[in-house]
2 protein chains.
Amino acid sequence: MNIKEFSTRIGVSPTTTSSAITGNGRISKATRQMVLQKMRELGYTPNLNARRLVSGRSYMVALSHVDQKAASDLFTMQVARAIVGPLKEFGYDLWLNLAPDSMQEYSLLRQLVKSSTIDGTIIISDWSVPKKLLRDVASRNQPCVVIGEKLIDDIPFVGSVMLNLKPGALEVARLFAAQGHKRIGFIDSDLRDRVFEYFADALKKLGTPINKKHYVAAGRDTEEGARALRRLMSQPNPPTAIFARTDVLAIGAIREARNMGLSIPQNLSVVGHDDLSILPLAEPGLTTVRIDCTELAKAAAEMLSGLLRNPDTDPEPKVISTSLVMRQTAAPTPRAAD
Amino acid sequence: MNIKEFSTRIGVSPTTTSSAITGNGRISKATRQMVLQKMRELGYTPNLNARRLVSGRSYMVALSHVDQKAASDLFTMQVARAIVGPLKEFGYDLWLNLAPDSMQEYSLLRQLVKSSTIDGTIIISDWSVPKKLLRDVASRNQPCVVIGEKLIDDIPFVGSVMLNLKPGALEVARLFAAQGHKRIGFIDSDLRDRVFEYFADALKKLGTPINKKHYVAAGRDTEEGARALRRLMSQPNPPTAIFARTDVLAIGAIREARNMGLSIPQNLSVVGHDDLSILPLAEPGLTTVRIDCTELAKAAAEMLSGLLRNPDTDPEPKVISTSLVMRQTAAPTPRAAD
DNA sequence: TTGAAAGCGCTAACAT
DNA sequence: ATGTTAGCGCTTTCAA
């Protein structure tokens with residue numbers, strides 16, 4: 001059944017039915033209720049594709065993660081779940097852009113270009129913002145907001161939800177200082193962000209600067225975390241506390257430390273970063289730095305819907321700060337304890 | 001730019017452009033190549049919503065998981081990733097149905113009813129098949145395939161990818177028997193499937209029937225796994241090997257066992273079920289039963305696309321069997337070993 | 001092998 | 001407050 005048939009059957013014009021559905025106000029409350037009621041009775045549902053065609057909007061936005069590694073899936077899923085609600089409130093559905101193996105970020109582009117499939121995009125950037133892509137997007141007037149560490153302010157009309165990783169890093173530094181740690185290690189990931197910078201700065205100001213040898217660059221998986229830990233602990237004066245750039249690295253490090261007979265946190269404190277939702281599964285007590293996905297999702301949804309409503313205003317960037325979550329893998333140094 | 005403008009600009013009719021894009025054969029190879037080339041040059045992309053409207057198809061299928069718990073997200077994501085490729089080969093995009101908090105499986109129904117948004121559905125059922133929903137779906141001629149333990153053969157036109165959980169359970173039983181275990185425990189989840197049944201039957205035939213007291217019903221999270229383990233191990237003659245219905249339960253059980261001072265697998269063997277992709281993170285060496293997501297995804301995609309092409313044939317159900325993955329948490333009993 | 005024309009189901013300007 | 005009409009951009013008969 002289409003709108004015409006339905007309308008004649010209930011004795012109104014298609015326009016009336018249409019306005020009853022979209023709720024555009026030109027209709028009386030009574031008629032509207034009547035139409036909605038009849039819709040349920042007769043089981044009429046409007047054809048969205050027709051609406052999409054005529055209105056030039058799809059009422060869908062894509063969520064795309066530049067970094068398609070499975071490790072990031074968890075974060076993406078977390079964001080997706082958080083964002084789908086707020087988005088719905090603005091009348092939009094979420095389309096999760098899963099790239100089929102080969103085609104990476106460009107799949108997104110195609111989706112965008114294919115236009116009319118989505119009205120806008122939320123990009124979870126892996127700290128190495130894909131400027132090319134963004135320029136392309138912006139040039140096509142595709143409303144777009146980027147979630148990432150970098151504040152985007154050089155590309156017009158692109159919204160920016162910035163993750164400020166500084167407060168969390170600071171808190172970890174303060175925590176370690178307060179716990180009396182003097183030799184502090186850092187296991188970095190290949191995400192190109194400034195967590196280490198923030199952390200090192202803070203430690204210096206606190207009077208316990210980090211030793212070059214206590215910085216280890218690693219990658220993404222637990223194996224690399226483990227390897228980094230071995231590197232750190234095999235030194236003459238090994239750290240008593242370690243901050244790992246990702247929870248996954250921290251998990252690997254902790255596992256390896258335990259293999260070496262160390263107790264966490266009695267012999268060694270370890271703090272992670274990101275507060276992944278699977279954390280309770282892998283390492284329930286991991287002290288870590290949280291990124292507040294709910295807040296982040298709300299901000300992104302709001303910003304995008306603003307852009308959707310009015311594509312010609314540069315949206316105000318929004319900053320989401322990290323914060324320390326105290327659990328059980330960090331404790332005072334043995335010496336400081338007694 | 002629309003098809004009309006594009007076509008006049010390159011000097012053909014809209015019809016020709018259209019057939020070049022859809023590849024419907026009525027066009028000469030040369031013309032087709034020319035049109036495709038020009039499309040790239042001029043940057044013309046067809047409006048999908050128009051195509052959707054006129055063709056009555058959306059070229060999208062939904063993936064919906066009845067059980068919206070976060071624990072299942074991992075499995076869903078695994079399936080989604082596996083399925084998006086095969087689907088694309090049949091010309092379909094995947095739309096992951098994430099319900100915004102409140103609205104459960106019915107959100108799916110709405111999406112279906114809203115029709116023309118999706119052409120079909122893949123439902124990951126939580127072993128308690130939602131028959132109502134399926135009947136509704138089937139009655140609206142929405143092609144649909146269900147992934148789950150139950151073989152669906154009583155609802156016409158609904159495809160069924162059945163997970164045969166028997167082979168895996170059998171293998172575990174045989175493994176424990178071969179390793180000389182006599183007292184064998186089972187930690188069940190609240191998924192209503194027959195893994196325990198298969199397992200118990202096999203053990204009985206192998207001459208080491210399971211003791212009633214060695215069956216513990218649990219839920220979903222690590223905490224419940226831990227609690228179950230305490231229950232099992234606090235008995236006079238505790239099991240020397242345990243099969244847990246989910247990896248998550250197994251992880252909880254192992255953690256608790258270690259807390260109690262037991263070594264895995266020296267003092268106690270533990271086998272999980274599902275082979276979740278985060279396993280390497282939580283418990284890298286867990287011996288477990290694998291569900292082959294790739295095969296499953298391929299089967300589901302193929303079946304659905306068949307149904308899409310020809311909605312009036314009852315598709316042949318497909319069975320995917322589980323199998324044991326040997327890793328490091330199962331070993332011969334101490335007694336059997338010496 | 002190609003073109004012209006009709007119409008998919010809806011919304012929005014323009015009437016009343 | 002409601003109805004009439006003209007398209008949205010494409011695919012698909014039908015005709016050449």
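Model, not experiment: these values are computed from the prediction. We name chains A, B, ... by the order of the sequence lines, and we start the count at 1 in each one.
Counting only heavy atoms from C-beta on, Val54(A) has its side chain closest to dC8(D) among dC10(D), dG3(C), dC8(D).
One atom, CD1 of Ile3(A), and another, P of dC10(C), lie 5 Å apart when rounded to the nearest Å. Look at NZ on Lys4(B): it is 10 Å from P on dA4(C), rounded to the nearest Å. Taking atom CG on Asn49(B) and atom P on dG7(C), their separation rounds to 22 Å, with Å as the unit. Tyr59(A) has its OH atom 11 Å from the C1' atom of dC10(C), to the nearest Å. Atom pair Ile27(B):CD1 and dG3(C):P shows a separation of 9 Å (rounding to whole Å applied). Taking atom CZ of residue Arg32(B) and atom C1' of nucleotide dT2(C), one finds them 16 Å apart after rounding to whole Å. Computed from coordinates, the Ile21(A) CD1 to dG9(C) P distance equals 14 Å when rounded to whole Å. Atom CZ in Phe6(A) sits about 19 Å away from atom C1' in dC8(C), given to the nearest Å.
Under the 30°/60° scheme for interplanar angles, the aromatic rings of Tyr44(A) and Phe6(A) are found to lie parallel.
As judged by a 4.0 angstrom heavy-atom cut-off over every strand, Ser19(B) is placed among residues making no nucleic acid contact. Counting any heavy atom pair closer than 4.0 Å across all strands shown, Tyr44(B) reaches sugar-phosphate atoms only and no base atom.
Counting heavy-atom neighbours within 6.0 Å of Glu41(B) CD, excluding the residue itself, gives a total above 12.
You won't find any donor-acceptor pair under 3.5 Å spanning the side chain of Thr16(A) and the base of dA1(D), going by distance alone. Interface remark: the Arg26(B) side chain does form a donor-acceptor pair with the dG3(C) base, using a distance-only criterion of under 3.5 Å. The base of dT12(D) has none of its N or O atoms less than 3.5 Å from a complementary donor or acceptor on the side chain of Ser55(B). Contact of Thr31(A) with dA1(D) (side chain to base): no donor-acceptor pair of N or O atoms is detected under 3.5 Å.
Ser18(A) and Thr15(A) share no donor-acceptor pair across their side chains, judged by distance under 3.5 Å alone.
Formation of a donor-acceptor pair under 3.5 Å by the Asp93(A) side chain with backbone atoms of Met60(A) is not found in this model.
Contact between the side-chain N/O atoms of Asn2(A) and the OP1/OP2 oxygens of dG9(C) is found at a separation under 4.0 Å. In terms of phosphate contacts, Ser18(A) brings a side-chain nitrogen or oxygen within less than 4.0 Å of OP1 or OP2 of dT11(C).
Ionic pairing of Lys298(B) and Glu295(B) is not present here: no N-O contact between side-chain nitrogen and carboxylate oxygen is shorter than 4.0 angstrom.
A residue-by-residue look at Leu53(B) and Thr15(B) shows that Leu53(B) has its nearest nucleotide of DNA chain D further toward the 5' end.
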